[in-house]
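As a basis for the values below, the full set of heavy atoms in this structure was taken, side chains included, without hydrogen atoms, waters or symmetry mates.
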Amino acid sequence: QVQLVESGGGLVQAGGSLRLSCAASGTIFNISAMDWCRQAPGKQRELVALITSSGTTNYADSVKGRFTISRDNAKNTVYLQMNSLKPEDTAVYYCHDLRKNSWGQGTQVTVSS
(Lines give C-alpha, C1' and ligand atoms only; values in the text may rest on other atoms or scores of the structure.)
Protein backbone atom coordinates (compact mmCIF):
# COMPACT_ATOMS: atom_id res chain seq x y z
CA GLN A 1 0.00 0.00 0.00
CA VAL A 2 1.35 3.39 -1.01
CA GLN A 3 1.86 5.89 1.78
CA LEU A 4 2.68 9.53 1.08
CA VAL A 5 3.50 11.82 3.99
CA GLU A 6 3.78 15.55 3.38
CA SER A 7 5.56 18.01 5.63
CA GLY A 8 6.87 21.56 5.57
CA GLY A 9 3.68 23.58 5.40
CA GLY A 10 3.00 26.54 7.65
CA LEU A 11 2.30 30.24 7.89
CA VAL A 12 4.53 32.64 6.00
CA GLN A 13 4.38 36.29 4.98
CA ALA A 14 3.98 37.28 1.35
CA GLY A 15 7.34 37.18 -0.38
CA GLY A 16 8.60 34.41 1.85
CA SER A 17 9.58 30.82 1.09
CA LEU A 18 8.63 27.33 2.16
CA ARG A 19 9.88 23.90 1.19
CA LEU A 20 7.43 21.03 1.14
CA SER A 21 8.56 17.42 1.34
CA CYS A 22 6.71 14.22 0.52
CA ALA A 23 8.12 10.91 1.71
CA ALA A 24 6.84 7.88 -0.17
CA SER A 25 6.68 4.23 0.86
CA GLY A 26 5.04 1.13 -0.57
CA THR A 27 5.77 2.12 -4.14
CA ILE A 28 8.62 1.77 -6.62
CA PHE A 29 9.41 5.44 -6.27
CA ASN A 30 12.07 5.77 -8.95
CA ILE A 31 9.66 4.80 -11.74
CA SER A 32 6.76 6.89 -10.48
CA ALA A 33 5.85 10.28 -11.83
CA MET A 34 4.92 12.53 -8.92
CA ASP A 35 3.09 15.79 -8.64
CA TRP A 36 1.99 18.43 -6.18
CA CYS A 37 -1.56 19.70 -6.31
CA ARG A 38 -3.33 22.26 -4.16
CA GLN A 39 -6.84 23.05 -3.11
CA ALA A 40 -7.96 26.40 -1.78
CA PRO A 41 -11.24 26.81 0.12
CA GLY A 42 -14.20 26.73 -2.25
CA LYS A 43 -12.02 25.87 -5.25
CA GLN A 44 -11.21 22.74 -7.19
CA ARG A 45 -7.95 20.91 -6.67
CA GLU A 46 -5.39 22.06 -9.21
CA LEU A 47 -2.05 20.81 -10.47
CA VAL A 48 0.90 22.88 -9.28
CA ALA A 49 3.94 20.96 -10.51
CA LEU A 50 4.85 17.55 -11.90
CA ILE A 51 8.08 15.60 -12.20
CA THR A 52 8.49 12.45 -14.26
CA SER A 53 10.63 9.46 -13.32
CA SER A 54 13.37 10.84 -15.58
CA GLY A 55 13.24 14.29 -13.98
CA THR A 56 11.28 16.23 -16.57
CA THR A 57 9.22 18.94 -14.90
CA ASN A 58 6.07 20.89 -15.69
CA TYR A 59 4.45 23.77 -13.83
CA ALA A 60 1.18 25.62 -13.66
CA ASP A 61 1.50 29.07 -15.21
CA SER A 62 0.64 30.66 -11.87
CA VAL A 63 3.78 29.27 -10.20
CA LYS A 64 6.34 29.25 -13.04
CA GLY A 65 9.54 30.97 -12.01
CA ARG A 66 8.61 30.83 -8.31
CA PHE A 67 8.21 27.13 -7.50
CA THR A 68 10.62 24.26 -8.15
CA ILE A 69 9.78 20.57 -7.96
CA SER A 70 12.58 18.05 -7.43
CA ARG A 71 13.06 14.48 -6.32
CA ASP A 72 15.61 12.41 -4.45
CA ASN A 73 15.13 8.77 -5.47
CA ALA A 74 17.61 7.58 -2.84
CA LYS A 75 15.33 9.03 -0.16
CA ASN A 76 12.00 8.24 -1.90
CA THR A 77 11.15 11.91 -1.48
CA VAL A 78 9.76 14.64 -3.70
CA TYR A 79 10.11 18.32 -2.84
CA LEU A 80 8.40 21.57 -3.71
CA GLN A 81 10.47 24.69 -3.14
CA MET A 82 8.15 27.68 -3.05
CA ASN A 83 9.62 31.18 -3.29
CA SER A 84 8.06 34.62 -3.60
CA LEU A 85 4.88 33.30 -2.06
CA LYS A 86 1.65 35.22 -2.58
CA PRO A 87 -1.60 35.20 -0.58
CA GLU A 88 -3.25 33.41 -3.50
CA ASP A 89 -0.90 30.47 -2.94
CA THR A 90 -2.77 29.74 0.29
CA ALA A 91 -4.15 26.20 0.06
CA VAL A 92 -3.78 22.64 1.23
CA TYR A 93 -0.97 21.09 -0.79
CA TYR A 94 -1.15 17.41 -1.70
CA CYS A 95 1.49 15.00 -2.92
CA HIS A 96 0.33 12.54 -5.59
CA ASP A 97 1.81 9.35 -7.02
CA LEU A 98 0.51 9.29 -10.61
CA ARG A 99 1.46 5.68 -11.25
CA LYS A 100 -0.53 4.38 -8.29
CA ASN A 101 -2.99 7.30 -8.16
CA SER A 102 -2.33 7.64 -4.45
CA TRP A 103 -2.60 10.85 -2.45
CA GLY A 104 -1.11 12.16 0.74
CA GLN A 105 -3.23 13.76 3.45
CA GLY A 106 -2.05 17.25 2.60
CA THR A 107 -0.20 20.06 4.33
CA GLN A 108 -1.59 23.54 4.89
CA VAL A 109 0.22 26.53 3.42
CA THR A 110 -1.00 29.95 4.50
CA VAL A 111 0.48 33.14 3.07
CA SER A 112 -0.39 36.36 4.85
CA SER A 113 -0.41 39.73 3.11
Side-chain angles (χ1 to χ4, degrees):
Q1 184 175 354
V2 179
Q3 186 174 15
L4 302 172
V5 179
E6 301 101 334
S7 61
L11 172 64
V12 64
Q13 288 188 331
S17 298
L18 285 174
R19 188 196 196 201
L20 306 184
S21 299
C22 172
S25 59
T27 185
I28 307 174
F29 182 78
N30 62 348
I31 64 170
S32 298
M34 303 291 296
D35 64 29
W36 287 96
C37 297
R38 66 187 180 187
Q39 188 165 18
K43 295 188 177 181
Q44 288 189 328
R45 192 172 295 190
E46 63 174 357
L47 175 68
V48 174
L50 178 150
I51 186 165
T52 67
S53 58
S54 61
T56 301
T57 59
N58 194 22
Y59 298 92
D61 287 342
S62 60
V63 307
K64 280 181 182 176
R66 300 188 298 122
F67 290 11
T68 303
I69 189 171
S70 61
R71 64 191 299 157
D72 184 337
N73 289 339
K75 295 182 179 180
N76 284 8
T77 300
V78 62
Y79 304 98
L80 185 67
Q81 177 67 43
M82 306 186 294
N83 299 329
S84 302
L85 282 160
K86 303 175 181 180
E88 51 263 45
D89 294 318
T90 295
V92 178
Y93 283 71
Y94 297 92
C95 178
H96 178 220
D97 179 330
L98 280 84
R99 190 174 65 90
K100 291 291 189 178
N101 194 25
S102 294
W103 294 86
Q105 291 193 323
T107 185
Q108 176 70 47
V109 171
T110 302
V111 184
S112 63
S113 57

**Report entry** Single-linkage hydrophobic cluster, 4.5 Å side-chain cutoff, Val48 and Tyr59 together
**Finding:** yes
Query raised in the report: If you round to the nearest 0.5 Å, how far is SG of Cys22 from CG of Leu4?
Result: 4.5 Å
Report task. May I ask you to check whether over 12 heavy atoms, not counting those of Leu98, lie within 6.0 Å of atom CG? Result -> yes
Query raised in the report: When you measure from the side chain of Ser54 to the backbone N and O of Thr52, does any donor-acceptor pair fall under 3.5 Å?
Result: no
Query raised in the report: Can you name the residues that form a side chain to side chain contact (heavy atoms under 4.5 Å, CB included) with Val12, not counting sequence neighbours?
Result: Leu18, Leu85, Val111
Requested in this report: Report the C-alpha distance between Gln108 and Leu11 in whole Å, list the side-chain angles of each, state the deciding distance to 0.1 Å, and finish with yes or no for side chain to side chain contact (heavy atoms under 4.5 Å, CB included).
Outcome: CA-CA 8 Å; Gln108 176 70 47; Leu11 172 64; over 6 Å; no
Query raised in the report: Does NZ or CZ of Arg71 fall inside the cone over Tyr79's six-membered ring, less than 6.0 Å from its centre and within 45° of the axis?
Result: no
Report task. Any pair with a residue in residues 1-17 that passes side-chain hydrogen bond (donor to acceptor under 3.5 Å, both in side chains), sequence neighbours left out, goes on the list, sorted by first then second residue, please. Result -> Ser17-Asn83
Report summary line: Smallest heavy-atom separation, Ala49 atom then Leu80 atom, equals CB-CD1, 4.1 Å
Query raised in the report: So Thr27 and Arg99, side chain to side chain donor-acceptor pair (under 3.5 Å) or not? Walk me through it.
Result: CA-CA 9 Å; Thr27 185; Arg99 190 174 65 90; 3.1 Å; yes
Query raised in the report: Under 4.0 Å between a Lys/Arg side-chain N and an Asp/Glu carboxylate O for Lys64 and Asp61?
Result: yes
Query raised in the report: Are Arg45 and Tyr94 in a cation-pi setup, meaning NZ or CZ lies under 6.0 angstrom from the ring centre and within 45 degrees of the ring axis?
Result: yes
Report summary line: Closest non-hydrogen contact found for Ser113 with Pro87 is CB-CG, 3.8 Å
Report task. Determine the minimum heavy-atom distance between Thr77 and Ser21, stating which atoms define it. Result -> CG2-CB, 4.3 Å
Query raised in the report: Between the main-chain N or O of Gly9 and the side-chain N or O of Thr107, is there a donor-acceptor pair closer than 3.5 Å?
Result: yes
Query raised in the report: Where do Val109 and Thr90 land on the side chain to side chain contact (heavy atoms under 4.5 Å, CB included) test, with the steps shown first?
Result: CA-CA 5 Å; Val109 171; Thr90 295; 5.9 Å; no
Query raised in the report: Under a 4.5 Å cut-off applied to non-hydrogen side-chain atoms, are Asp97 and Met34 in contact?
Result: yes
Query raised in the report: Can you name the side chain to side chain contact (heavy atoms under 4.5 Å, CB included) partners of Lys86, sequence neighbours left out?
Result: Arg66, Glu88, Asp89
Requested in this report: Give a yes or no answer on whether the side chain of Ser32 reaches the backbone of Ile28 with a donor-acceptor pair at less than 3.5 Å.
Outcome: yes
Query - Same cluster (ILVMFWY, side-chain, under 4.5 Å), Val63 and Leu20 - result: yes
Query raised in the report: Once you round to the nearest 0.5 Å, how far does CE of Met82 lie from OH of Tyr93?
Result: 5.5 Å
Query - Side chains of Ile69 and Gln81 in contact at under 4.5 Å (non-hydrogen atoms) - result: no
Requested in this report: Identify whether Trp103 and Leu50 are in the same connected component of the hydrophobic contact network (ILVMFWY, side-chain heavy atoms under 4.5 Å).
Outcome: no
Query raised in the report: So if you build clusters from Ile, Leu, Val, Met, Phe, Trp, Tyr with side-chain heavy-atom gaps below 4.5 Å, do Val2 and Trp36 land together?
Result: yes
**Report entry** side chain to side chain contact (heavy atoms under 4.5 Å, CB included) between Arg38 and Glu46, worked out
**Finding:** CA-CA 5 Å; Arg38 66 187 180 187; Glu46 63 174 357; 2.7 Å; yes
